[in-house]
Novice: 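Before I ask anything, let me first share the structure, which is written out below as structure tokens.
Keep in mind that this is a model prediction, so the values were computed, not measured. The sequence lines fix the lettering, A, B, ..., with proteins before strands; numbering per chain opens at 1.
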Number of protein chains: 2
Amino acid sequence: MGMETRTKQPDSRTRLLNAALHTLRAKGYNATRVEDLCAVAGVTKGSFFHHFRSKDELALAAIAHWDELTGGLFAAAAYHALEDPRERLLAYLDLRSELLAGELPEYTCLAGMLTQETYLTKPELTDACERSISGHAASLVADIEAAMQRYGVEDGWTAESLALHTQAVLQGAFILAKARGEAALAAESIAHLRRYIMLLFRDRT
Amino acid sequence: MGMETRTKQPDSRTRLLNAALHTLRAKGYNATRVEDLCAVAGVTKGSFFHHFRSKDELALAAIAHWDELTGGLFAAAAYHALEDPRERLLAYLDLRSELLAGELPEYTCLAGMLTQETYLTKPELTDACERSISGHAASLVADIEAAMQRYGVEDGWTAESLALHTQAVLQGAFILAKARGEAALAAESIAHLRRYIMLLFRDRT
DNA sequence: GTTACTATACCGATCAGTGGGTATGGTGTC
DNA sequence: GACACCATACCCACTGATCGGTATAGTAAC
């Protein structure tokens, strides 16, 4: 799986994982049949069970795949070069806003979706989702801490809690957007979060 | 057995709806079997299909039941008597925080949960969820508008968008709480939202 | 008798997972 | 080069269990 030649088509395993990212986010875990994924990936069920021992195991692999993709996306983002940590946070939110441009199931969070559906029924999956969300939140903590220091915030809340709050807002925004069927709603929620962060980290002139 | 049947227990239909509120929020729509609900409600499948034509119809009825219960709860809350609309909003959030005291699947939002799972697969259910969430959000708009006026806010955002944002935060907080398995997380997100509202509606002395 | 409700046995569709098979490509041996 | 050998990847037909829904028979109350 390491160094692969630059073929036009990814291999079956990757195609199944990509199909999973798309379909799981659109229809959820239980409503997605193994054969749906096979159809999207253009393989047969035999191939599916050659690569994954079970549907659960595919979901686990899909979350790992998701972490890899999104981790890369945000790690490579340009805003890390900004000098002011507050600006880095705001730029992060702006990027999240920009990502809303695609189709709805494409910008939604896989981990958030699966958390709801697997809670109490599939502990390993819930755990994997938790690690995914918490890991992403953790990547914001350093910037938040730096901003707190720079802007002299001592308000009885922790950097971790604000990092998790940003993720909560995003997750909630996705639900609202799904309910209403419009991405604009999610954008407005992110705008409110952006305003909150600007109010928290104010220039004390 | 005959004489004991006439207890103060709610009728079968209501017991099924209550079972649905509990079980659907805990396990989701697809993972909840009709017979699970029957077991919790203490009735048989025959009774279930006497009261509801299908599982979908039950879910619809459960959302209506949910709207009734929560609508009553918030309509009857004491804080509506407060004079300052900002204080009414803050008190609303405090009430939401207090409700987190119960077991996790008990304070979660049924509509938010079902939205995710029925998106693209059960349009009528998604619509019902949308109406439920939007309706609840709408009940906050008057107070937000009054607060905007009283505190002289003219910031390029609407009362509706802030109302929906509060719901987004709550929905997201529930997901995080489920992922981590602790209600405290949801409380912290609500605290951030509370702080945001206090920063928006500031006394300009 | 009729209406409202409950119970039980069953049907039919669905779908995760299996088993048995083929195709391809690599490797060692003579 | 030809051969056997083996591993990986893949396909198709099937199965066994699950579960929404139905058919039907009953009971209680007016």
Novice: Check B/Glu83 with B/Arg150, please: is the shortest side-chain N to carboxylate O separation under 4.0 Å?
Specialist: yes

Novice: A/Asn30 CG to D/dG20 C1': how many Å, rounded?
Specialist: 15 Å

Novice: Taking the six-membered ring of A/Tyr29 (Phe, Tyr or Trp), confirm whether the NZ or CZ of A/Lys122 is under 6.0 Å from its centre and within 45° of its axis.
Specialist: no

Novice: Is there a side-chain polar atom (N or O) of B/Ser47 under 4.0 Å from OP1 or OP2 of C/dA7?
Specialist: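 Checking C/dA7 against B/Ser47, no side-chain N or O comes under 4.0 Å of OP1 or OP2.
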
Novice: Would you mind checking if B/Asp143 and B/Arg86 are paired as a salt bridge, meaning a charged N to carboxylate O distance below 4.0 Å?
Specialist: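 Result for this pair is no, no salt bridge flagged.
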
Novice: Whole angstrom is fine here: how far is it from CG in B/Asp36 over to P in D/dG21?
Specialist: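 Rounded to whole Å, this separation is 14 Å.
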
Novice: Given atom OH of A/Tyr29 and atom P of C/dC15, what is their separation to the nearest angstrom?
Specialist: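 Atom-to-atom, A/Tyr29 to C/dC15, this comes out as 14 Å.
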
Novice: Report the distance from atom CZ of B/Arg53 to atom C1' of D/dA23, rounded to the nearest whole Å.
Specialist: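 Rounded to whole Å, this separation is 18 Å.
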
Novice: Between D/dG20 and B/Lys45, counting only base atoms on the nucleotide and side-chain atoms on the residue, is there a donor-acceptor pair under 3.5 Å?
Specialist: yes

Novice: What integer distance in Å separates A/Leu37:CG from D/dC10:P?
Specialist: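 Atom CG in A/Leu37 sits about 15 Å away from atom P in D/dC10.
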
Novice: What's the CZ-P distance between B/Phe52 and D/dG20, to the nearest Å?
Specialist: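 Distance check: B/Phe52 CZ to D/dG20 P gives 15 Å.
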
Novice: Are A/His50 and D/dC10 close enough that a side-chain N or O sits under 4.0 Å from OP1 or OP2?
Specialist: no

Novice: Ignoring the backbone of A/Ser12, work out which of D/dC10, C/dA16, D/dC11 is nearest its side chain.
Specialist: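 Taking heavy atoms from C-beta onward, the closest nucleotide is D/dC10.
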
Novice: Give the rounded distance in Å between these two atoms: CZ of A/Phe49 and P of C/dG17.
Specialist: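 Distance, rounded to whole Å: 5 Å.
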
Novice: On DNA chain D, does the nearest nucleotide to A/His51 precede the nearest nucleotide to B/Glu35 from the 5' side, or the other way round? Give the residue.
Specialist: A/His51

Novice: A/Asp56 CG to C/dC15 P: how many Å, rounded?
Specialist: 16 Å

Novice: Quick one: closest heavy-atom pair of A/Arg25 and A/Lys178, and the distance?
Specialist: O-NZ, 3.2 Å

Novice: For the side chain of B/Thr44, starting at C-beta, report the closest nucleotide among C/dT6, C/dC15, D/dC10.
Specialist: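 That would be C/dT6.
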
Novice: Are B/Phe74 and B/His80, when compared by the centres of their aromatic rings, separated by less than 6.0 Å?
Specialist: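 Centroid separation for B/Phe74 and B/His80: 6.0 Å or greater.
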
Novice: Can a side chain N or O of A/Ser54 be found less than 4.0 Å away from OP1 or OP2 on C/dA16?
Specialist: no

